[in-house]
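Here's the structure we're looking at; comments come further down.
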Amino acid sequence: MNNKPVRPVLVVIAHGSRDPRHAATVHALVRRVRSLRPGLRVETGFLDFNVPSVQGVLESLAAEGVRDVVALPLLLTRAFHAKADIPAVLRDAPPRLRIRQAEVLGPSPLLLSTLERRLYEAGLTPADKPSTGVVLASAGSTDPEAIAVIDGLARDWRRTGWRAVRPAFASAALPRTEDAVRELRALGCSRVAVAPYVLAPGFLPDRIARGAADADVVAHVLGAAPEVARVLLRRYDAARVPVLAAVGA
C-alpha cells in the first residue's frame, strides 16, 4: 500500500491583462515550472481580463476531489494584490479545499541573477559594470513595503559592481524611468541600461520602455526565465510543508 502523501496542486495566480503577451508569458513560465518538476500538477488562474479565473480553477479542482492546494501569487512584491485581492478570492474558494497562500516571488537572489542575465542578453558584458548605471524599473505601488523592497534590491544590486543602480516606477511612485535615466547621465555613467523588474509584457512594461527611450540598453522582462521558475518552486515547497504536516496529523 502506498502511503506517500499526495503533493498539493500548485495554482499560479496571475494578475491578467488585456495584452495577449501577458497571458502567453505566464503560460510559458508555467510550462517551464512543469518541466522542472515532472509530476507536479500546476494550474493557472487569473484575477482579471483572462480565463480561467482563479475562482473557476479552484471550483474545478474541488469538483475533481482535490483537497490540498498551494496558491502562489505571481507577484514580485507584497502589495495590494497579495495582501487583499488574492486572500479575498481564496476565502471564497470551495470549503473542501485546504489552501495555503505561498509568498510572493521577490525578493530573491535568483531574480537578481535574472535581471543581470537579461542585461547581458541585451548587449552588456561583465566588463561594462564599473562604467554602467542601471535603472531598476518596476511597475510601482502605493504600498510602502513594496517600495522599500525595490529600494533595497537596487542597493543590493549596486554592491555587485555596477557604477550605480537607481530604482524607478511606472506608476504610483517616483521617480519615473526617464527621470532615473537622466539622473544616471548626470552622474557621469558611460552608459545607461534599463532593467524592467516585471514578469510579463503589458501596459506598465510598455510605459517603462517608453521611459527608456534615451537609455543605451533596454533589457527584456523577466518572463519565463529558468531562474524565475525555480523561485516559484521554492515558494511552493516552503508553503506545502505545513499542508503535508496537517495531512499527516
Side-chain angles (χ1 to χ4, degrees), residues 14-29 46-50 74-77 79-81 104-107 111-112 114-125 128-129 131-144 146-155 157-158 162-225 227-228:
H15 181 273
S17 171
R18 293 186 178 91
D19 189 321
R21 296 173 299 168
H22 174 88
T25 302
V26 170
H27 291 310
L29 177 58
F46 294 90
L47 291 173
D48 207 352
F49 302 117
N50 303 105
L74 200 59
L75 301 168
L76 296 172
T77 59
F80 181 79
H81 291 306
V104 298
L105 302 185
L111 297 179
L112 203 57
T114 310
L115 286 165
E116 192 139 320
R117 185 162 62 81
R118 291 297 191 220
L119 286 176
Y120 296 154
E121 290 170 352
L124 293 178
T125 70
D128 295 322
K129 294 179 75 168
S131 59
T132 301
V134 178
V135 178
L136 177 66
S138 74
S141 173
T142 58
D143 189 306
I147 299 302
V149 167
I150 302 302
D151 289 343
L153 183 60
R155 289 193 297 272
W157 204 10
R158 163 68 181 81
W162 296 101
R163 168 74 185 276
V165 179
R166 295 290 187 270
F169 307 94
S171 67
L174 296 174
R176 295 286 185 259
T177 302
E178 53 268 34
D179 298 325
V181 169
R182 283 193 290 267
E183 180 186 349
L184 291 172
R185 293 279 188 216
L187 189 64
C189 296
S190 298
R191 63 186 60 78
V192 175
V194 173
Y197 188 56
V198 292
L199 286 165
F203 176 75
L204 292 178
D206 283 350
R207 181 179 289 177
I208 290 171
R210 290 193 297 271
D214 291 332
D216 301 295
V217 173
V218 183
H220 188 55
V221 299
L222 298 175
E227 299 94 334
V228 180

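Atoms considered below: every heavy atom in the structure, side chains included; atoms not considered: hydrogens, waters and symmetry mates.
In the displayed structure, D206 atom CG is contacted under 6.0 Å by more than 12 heavy atoms of other residues, nucleotides or ligands.
To the nearest 0.5 Å, atom CG of residue L115 and atom OH of residue Y120 are 11.5 Å apart. Between atom CD1 of residue I208 and atom CD of residue E178 there is a gap of 10.5 Å, rounded to the nearest 0.5 Å.
A heavy-atom distance below 4.5 Å is not found between the side chains of V221 and L199. Side-chain contact check for T77 versus D143: every heavy-atom pair is 4.5 Å or farther apart. The closest side-chain heavy-atom distance from V217 to D128 is not below 4.5 Å. Using a 4.5 Å heavy-atom cutoff, the side chains of H81 and L74 are not in contact. I150 places none of its side-chain heavy atoms less than 4.5 Å from the side chain of I147. Here the side chains of L153 and L112 are in contact, with some heavy-atom distance below 4.5 Å.
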E116 and K129: CA distance, side-chain angles, deciding distance, salt bridge (charged side-chain N to carboxylate O under 4.0 Å, His left out) verdict
CA-CA 10 Å; E116 192 139 320; K129 294 179 75 168; 2.9 Å; yes

Salt bridge (charged side-chain N to carboxylate O under 4.0 Å, His left out) between E121 and R117: does it pass, once the steps are laid out?
CA-CA 6 Å; E121 290 170 352; R117 185 162 62 81; 2.6 Å; yes

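Heavy-atom minimum distance, E227 versus T114: CB-OG1, 3.1 Å. Between A172 and S141, the shortest heavy-atom contact is CB-C, 3.6 Å. Nearest heavy-atom pair, A212 versus V194, reported as atom, atom and distance to 0.1 Å: CB-CG2, 3.6 Å. When all heavy atoms of P167 and D151 are compared, the pair lying nearest together is CG-OD1, 3.4 Å. Shown here for V198 and P205, the closest heavy-atom pair between the two residues is CG2-CG, 3.8 Å. Among all heavy-atom pairs drawn from H22 and A14, the shortest one is NE2-CB, 4.3 Å.
Aromatic rings of F46 and H27 (six-membered ring for Trp) have centroids within the 6.0 Å cut-off, being under it.
Panel note: side chain T132, backbone C189; no donor-acceptor pair is recorded below 3.5 Å. For R118 (side chain) and L222 (main-chain N/O), a donor-acceptor pair under 3.5 Å exists by modelled atom type. R166 contributes no side-chain N or O that, together with a main-chain N or O of P175, makes up a donor-acceptor pair within less than 3.5 Å. Of the possible polar contacts, one joining the D216 side chain to the V192 backbone as a donor-acceptor pair under 3.5 Å is found. Within the 3.5 Å criterion, the main-chain N or O of A170 finds a donor-acceptor partner in the side chain of R207. The backbone N or O of W162 lies less than 3.5 Å from a partner atom in the side chain of R158, making a donor-acceptor pair.
Between F49 and H15, the ring-plane angle classifies as tilted under the 30° and 60° cut-offs.
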